[in-house]
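Before any comments, here is the structure.
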Amino acid sequence: MQNRGLLRMKEILAMTLIIVGIKFSDSTSSLMSQQAQNGFWLIPLISFVCIFPGFLLMLYLLKKYKDKNLVELIETIIGKWAGKLICLLLFIFAFLTLTLDSRNYVEQIKQLYFQESPTDTVYYIFFIVVLFGAKKGFEVIGFTSWITLLFTKASVLIVFLLITGDMVLQRIFPIFGQGLSILLTEGVKKASIFAELFFLLIAYQSAKSTSMFRKGSIIASIIGLFEILLFFFVYVCVFDYNSIKKIAFPYHDITQFVNLGQFFTNIETFFMVFWLLAAFLKFIIFIYITSWIFGEIFAIRNFEPLLLPFSFLVVMIGLIPLNSVINELVLRETLLTIMSPFFIIFPFILWSIAFFKGDLKQ
Amino acid sequence: MMNKLWIVFGLLILLTGCYDRIELEQQSYVIAMGIDKTENKGVYAFTYQIANPEVGSAAGQGGSNEPASEIVTVHGADILSATYTANSFVSKKITLDHTRIIVISEELARNPDFIRVIQSASRSPQIRRGVQLVVSKEKASEFINNNQPVMEQRPHKYFQFMLDRADQTGIIPAASLHRFFQITEGDADLFLAIYASTKKDKKQEQGKNKLEDEYIAGQIPQLGGSPTQFMGAGVFKEGKMIDTLDGEEVRIVHILDNTLELNNYLTTMPDPFDPEFQLSYNYSQKQNAKVDITYHQDKPTEIDVLVPFQIEVIAIPSLIRYAHDQEKQDALENAITKRLEEKTMEIIKKAQEQYKSDPFYWSLYIRHEFTNIKQYEKADWHKKIFPNAEVNVTYQLDKLEFGKMLDDSNLDRVRD
């Protein structure tokens, strides 16, 4: 394992931001707008409020039990075998999220840029690249994330600046979309869009000092939330309440819509490069931490050889859904709904067990 | 040995990127697309104007004998499948990435089935949301065939320049596909499409007495130049065309609708002191119109609109000395304001009584009164609120300029 604990705050921040913040550019927005229509941009805020206390609690527990990562922490608190079962559940969640998300990204790449190529081919190529990236080890991934962060965010900023002219602010009204109650239930049900934050906890000791990890992930999750809210807001203002739920990939629709003056009219490929870079990094990080969780559960210290079979499995399972609509609107939605209560409640159960065991008093 | 195998393997992976490879010279770029009705239901005639990339470029010396574009028409059920039929006699792959305008014949636009055929445009990733919708008075295929720009041979530049310029002066609306879907799906306002024609209207002869913007396309008396005229708008209600607006009405819509852009335009009016002469001025707007809507559930909603504007007087053929006379200036100010207000009220009345909906996108300003979509849709903007609303429009002159001349030459002195 190429991890000597050399990462600093900025690399943790970059990784968290890439794995969480990129959600504004995939189909998450269309998933949320199905029920809530133009009120959907508020959902991530509600989700964040639901899930963030649990995340902070996990960070607190990790701080109290020094020198442990996520799996070790759970096993210490609730016992070895029960802990392993819970962690296995966590692994399954991570793996399924990875699989369904990656299918979504592959579908976007295919639909928008490689219409003739079969999905299988795009999927394989995508994961061959991801696999090579992940093989380099966690620190290289961290450094790469930090180096590319500026470029990816700059391209996003340009998209944002170019689209402001086409935004009609009044479109956010009626402010609650289909209704406040729908917003609240959807917000709770979709809280697990931030589940990656918990999966990242496996890398708790990868930073030079654990306080760097804590600071980096907290700052990144707040910036990420802000980014998601901002872009969802843009989507509402650009598309209207009836149109928003029909659009599968709003980010790409926007990049196709904007032009830079009269001479640069078809400029979406420029943005596609940076988006693709971020997408690769997201799945490089994701497959690495998923394998890491698995390795920790079964005490496989050198888990990097697991990356290949896992990548293969992701592609195989990811290809099963018939089309991207089922993948996104049925399977991913169900997964999010199942995961959300787990991530909202579990940290509190963990904390109360630790509390009653008296571990927290030291 | 192993290393060489890796290199071969790596190259093989790189090659997969060529799956979608298609050479530039193997593609034909459609610049304008036309859609017409046919006698069979569900079958439409699609016309594609395909650009010749060699014309007008420095590299194209050898191909200078080729025409600037090729125009083909095929029948089909939707935009994309028709391209495949067209490929039976177009040698290159038809690509819609660079399409600038979609022309629809007025006959099709007035048909309730229009929305079915245009829907497929939004599904295809090839067609951009920025494509402009043009309604042609004649058949779309005729329009595209008759359109022979004289000075600008390259069709993509021609359409871009033509639409940009006309859009800035406000005689045609910005009518992107994006806007069409937003307004039609929002089901509250009227969408305006660009109106164009290459045929001379019978009314053209009568049109000679009209002022410069009171036309719709085809009516402008013109000698020479390209026969294509872009002027006025087709009014769409719920995805179906119901009427046309002339250039002047479209300008007023631009003034009242803050989502549309209007730079400035030149227009004339009878001189208030000497109505035999036309006084011409440049109208410009530095600020958006202020639309203030007070929603009442049980009595008519009040809509107050305040339009700040600026005027630069360009020509005073009557030679009345406005610049030095404050009283005359005030009278002129009143005359201009009154005229604008009257014209505006005319079109608002037409919208309320005839269309029963508004082309100004004003439903946006009522939305914040409601907390959810159900309430908003129940209040029903274009059936209940707008047609019964009390609308007040006030124009407010911010600035009155008289160009770079302080005064006109004194006629009495010239002819002494």
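Convention: sequence-line order gives letters A, B, ...; per-chain numbering from 1.
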Using side-chain heavy atoms (C-beta onward) and a distance below 4.5 Å, is B:Thr371 in contact with A:Leu180? no
Looking only at heavy atoms, which of residues 156-170 of chain A get nearer than 4.5 Å to chain B? A:Val168, A:Gln170
Could you check which of A:Asn259, A:Val238, A:Ile244 has the highest count of heavy-atom pairs closer than 4.5 Å to chain B? A:Val238
dist A:Glu116:CD -> B:Lys93:NZ (nearest 0.5 Å) comes out at 4.5 Å
For A:Lys246, is the NZ atom crowded, meaning more than 12 foreign heavy atoms sit under 6.0 Å from it? yes
In terms of heavy-atom pairs under 4.5 Å, which option from A:Thr121, A:Asp253, A:Ile128 contacts chain B the most? A:Asp253
Nearest 0.5 Å please: distance from the CG atom of B:Asp97 over to the CD atom of A:Gln256. 7.5 Å
Using heavy-atom distances under 4.5 Å, tell me whether A:Val258 contacts chain B through its side chain, its backbone, both, or neither. neither
How far apart are the closest heavy atoms of B:Asn372 and A:Gln178, and which atoms are they? CB-C, 3.8 Å
As an exercise: rank B:Lys374, B:Gln375, B:Gln182, B:Glu261 by heavy-atom pairs under 4.5 Å with chain A and give me the winner. B:Gln182
As an exercise, state the distance from CD of B:Gln126 to CD of A:Gln115, rounded to the nearest 0.5 Å. 5.5 Å
Is it true that a side-chain atom of B:Arg367 and a backbone atom of A:Arg171 form a donor plus acceptor pair closer than 3.5 Å? yes
Exercise: identify the closest heavy-atom pair between B:Tyr376 and A:Pro174: CB-CG, 3.8 Å
Side chain, backbone, both or neither: which part of B:His178 has an atom under 4.5 Å from a heavy atom of chain A? side chain
Between A:Phe257 and chain B, which part of the residue has a heavy atom less than 4.5 Å away: side chain, backbone, both or neither? side chain
Does some side-chain heavy atom of A:Tyr241 sit less than 4.5 Å from a side-chain heavy atom of B:Glu185? no
Run the side chain to side chain contact (heavy atoms under 4.5 Å, CB included) check on A:Ile247 and B:Arg129 step by step: do they pass? CA-CA 12 Å; A:Ile247 290 159; B:Arg129 306 186 77 86; 4.1 Å; yes
Shortest non-hydrogen separation from A:Ser243 to B:Phe181 and the atoms involved: OG-O, 3.9 Å
